[in-house]
Amino acid sequence: MSNKILVVDDEKSIVTLLQYNLEQSGYSVITALDGEEGLNRAIAEKPQLIILDLMLPKLDGIEVCKQLRQQKIMVPILMLTAKDDEFDKVLGLELGADDYMTKPFSPREVVARIKAILRRSQISQEAGESNGEREDVLKLNELEIYHDRYEAFFKGRLLELTPKEFELLLYLAQHKGRVLTRDQLLSAVWNYDFAGDTRIVDVHISHLREKIEEDTRKPIYIKTIRGLGYKLEEPKAE
C-alpha cells in the first residue's frame, strides 16, 4: 500500500503540481484548498505526511498545525512558506512542524525531502513490528528512549514528540557526551548535506528542553556549547 500524503494549499496550480509529481513517485495524494478542510481531512484520512501551506483561508497553516498537535496527531508536517517569512517559519516549527520549504521550490526537492522523512518513519515501524523479546532502549537517568517504538519517557511519563523531535533526541542520545554542531545535526536528522537553515535545529532543541528539563534556563540534559553546538549529557542521579 502506498503512503498517503495530504497537500493543503489554496493555490490550485501548486496543488496540481505537487499531486502530479507525488503520484508519479508512487504516493497516494489527497488535497484541500483551505485550512479548515485540511484539518478535517487530516483527522479523517490519517495521512502518513502533510504538506501544509502557511497562508491559507479559513484557518492558516500555523493554526492547523497547532490544532493537530493539540489532538496528539503527530504525523510529519512539511510546511510551505513565503521566501523571506522568517517569523512564520520559526513559529510553525515551534508549534510542531517537522520541516519547511520556501516557495518557489523544485518538485523534485519536495519529493526527495518527503522520501527522507518517510524512510525514517517506515524503518522505525518495521523495526517495531519485527521486534522480538529484546527492546532497543537508551536510558539516561530519568529519560528512556525506545528506538523501535518511536517512544520516549521522562520520569515514567510518555513524551508527546513529533517525529523530528524524537529523531533529534535519539541522535543526541546515541552520541551522548559528544559535542554536535548544528550543521552535523542538520545533516544527520534532516538529511541536509549542506549548511542550511540551522535555526530549525535551535527551535527543535528548545522544544525538547521544554519537555525534559526542569528549568529550561539551566538545562542538565541538553547543554549548549557556545560557538560550537549542543551536547546531551546524563545528569548524575541524586
Side-chain angles (χ1 to χ4, degrees), residues 62 65-66 68-70 72 74-79 86-87 89-100 113 116-117 120-121 123-124 127-128 135-238:
I62 288 174
C65 184
K66 183 179 177 181
L68 287 172
R69 296 313 189 216
Q70 284 176 344
K72 312 302 181 189
M74 295 299 169
V75 58
I77 295 174
L78 174 61
M79 278 196 157
E86 183 65 30
F87 172 78
K89 289 177 194 174
V90 173
L91 183 56
L93 292 171
E94 287 176 344
L95 290 173
D98 295 274
D99 205 348
Y100 66 82
R113 195 77 63 88
I117 294 169
R120 278 195 169 92
S121 179
I123 288 171
S124 175
E135 280 198 289
D136 190 1
V137 57
L138 286 170
K139 294 186 178 181
L140 297 93
N141 200 343
E142 295 182 294
L143 179 64
E144 297 181 353
I145 305 168
Y146 292 83
H147 188 179
D148 294 342
R149 287 194 265 148
Y150 244 49
E151 290 180 344
F153 293 80
F154 184 64
K155 294 186 174 181
R157 177 176 55 84
L158 177 65
L159 297 174
E160 296 291 348
L161 301 175
T162 68
K164 272 291 173 284
E165 288 169 3
F166 179 85
E167 288 164 16
L168 178 58
L169 180 62
L170 177 64
Y171 190 80
L172 287 165
Q174 288 171 332
H175 298 81
K176 180 181 73 172
R178 242 179 88 184
V179 178
L180 301 166
T181 68
R182 290 171 176 82
D183 284 336
Q184 282 177 311
L185 293 169
L186 199 61
S187 175
V189 178
W190 280 268
N191 273 9
Y192 295 179
D193 55 359
F194 56 89
D197 283 308
T198 55
R199 173 67 173 150
I200 195 172
V201 175
D202 298 333
V203 170
H204 279 71
I205 289 286
S206 175
H207 216 172
L208 281 177
R209 281 176 171 160
E210 290 172 3
K211 298 176 181 182
I212 68 170
E213 301 285 3
E214 297 288 351
D215 185 350
T216 56
R217 293 168 300 179
K218 297 178 182 177
I220 61 173
Y221 282 93
I222 303 175
K223 300 287 185 70
T224 299
I225 309 303
R226 189 177 297 276
L228 293 173
Y230 297 101
K231 176 174 66 172
L232 189 143
E233 293 183 341
E234 181 173 9
K236 293 179 182 179
E238 294 181 359

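Quick caveat: nothing in here was measured; it's all calculated off a predicted structure.
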Spacing of [atom1] belonging to [X] relative to [atom2] belonging to [Y], to within rounding of 0.5 Å:
X      : Y      : atom1 : atom2 : answer
Arg199 : His204 : CZ    : NE2   : 11.5 Å
Leu232 : Tyr171 : CG    : OH    : 13.0 Å
Arg113 : Leu78  : CZ    : CG    : 6.5 Å
Lys231 : Ile225 : NZ    : CD1   : 4.5 Å
Phe153 : Leu158 : CZ    : CG    : 4.5 Å

Partners of Arg157 by salt bridge (charged side-chain N to carboxylate O under 4.0 Å, His left out), sequence neighbours excluded?
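Scan of Arg157 (salt bridge (charged side-chain N to carboxylate O under 4.0 Å, His left out), adjacent residues dropped) gives none.
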Checking Lys66 now: which residues fulfil salt bridge (charged side-chain N to carboxylate O under 4.0 Å, His left out) with it, not counting sequence neighbours?
none
pair [X]-[Y]: side-chain heavy atoms closer than 4.5 Å:
X      : Y      : result
Tyr146 : Phe166 : no
Leu169 : Leu143 : yes
Met74  : Glu160 : yes
Leu161 : Leu208 : yes
Leu170 : His147 : yes
Cys65  : Met79  : yes

Across all chains, not counting sequence neighbours, the side chain to side chain donor-acceptor pair (under 3.5 Å) partners of Glu151 are Arg149
Please name the residue in the list Leu168, Leu185, Asp99, Val189 that meets the side chain to side chain contact (heavy atoms under 4.5 Å, CB included) test with Ile200.
Asp99
Side chain to side chain contact (heavy atoms under 4.5 Å, CB included) partners of [X], counting only residues at least two apart:
X      : answer
Lys155 : Glu142, Glu214
Arg209 : Ile205, Glu213, Thr216, Pro219, Ile222, Thr224, Tyr230
Glu234 : Leu140, Asn141, Lys176

So, His207 and Glu165: side-chain donor and acceptor under 3.5 Å apart, yes or no?
yes
What are the two closest heavy atoms between Gln184 and Val179, and how far apart are they?
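Nearest heavy atoms, Gln184 then Val179: OE1-O, 3.9 Å.
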Closest contact, heavy atoms only, Ala173 versus Leu138:
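So the minimum-distance heavy-atom pair works out to CB-CD1, 3.8 Å.
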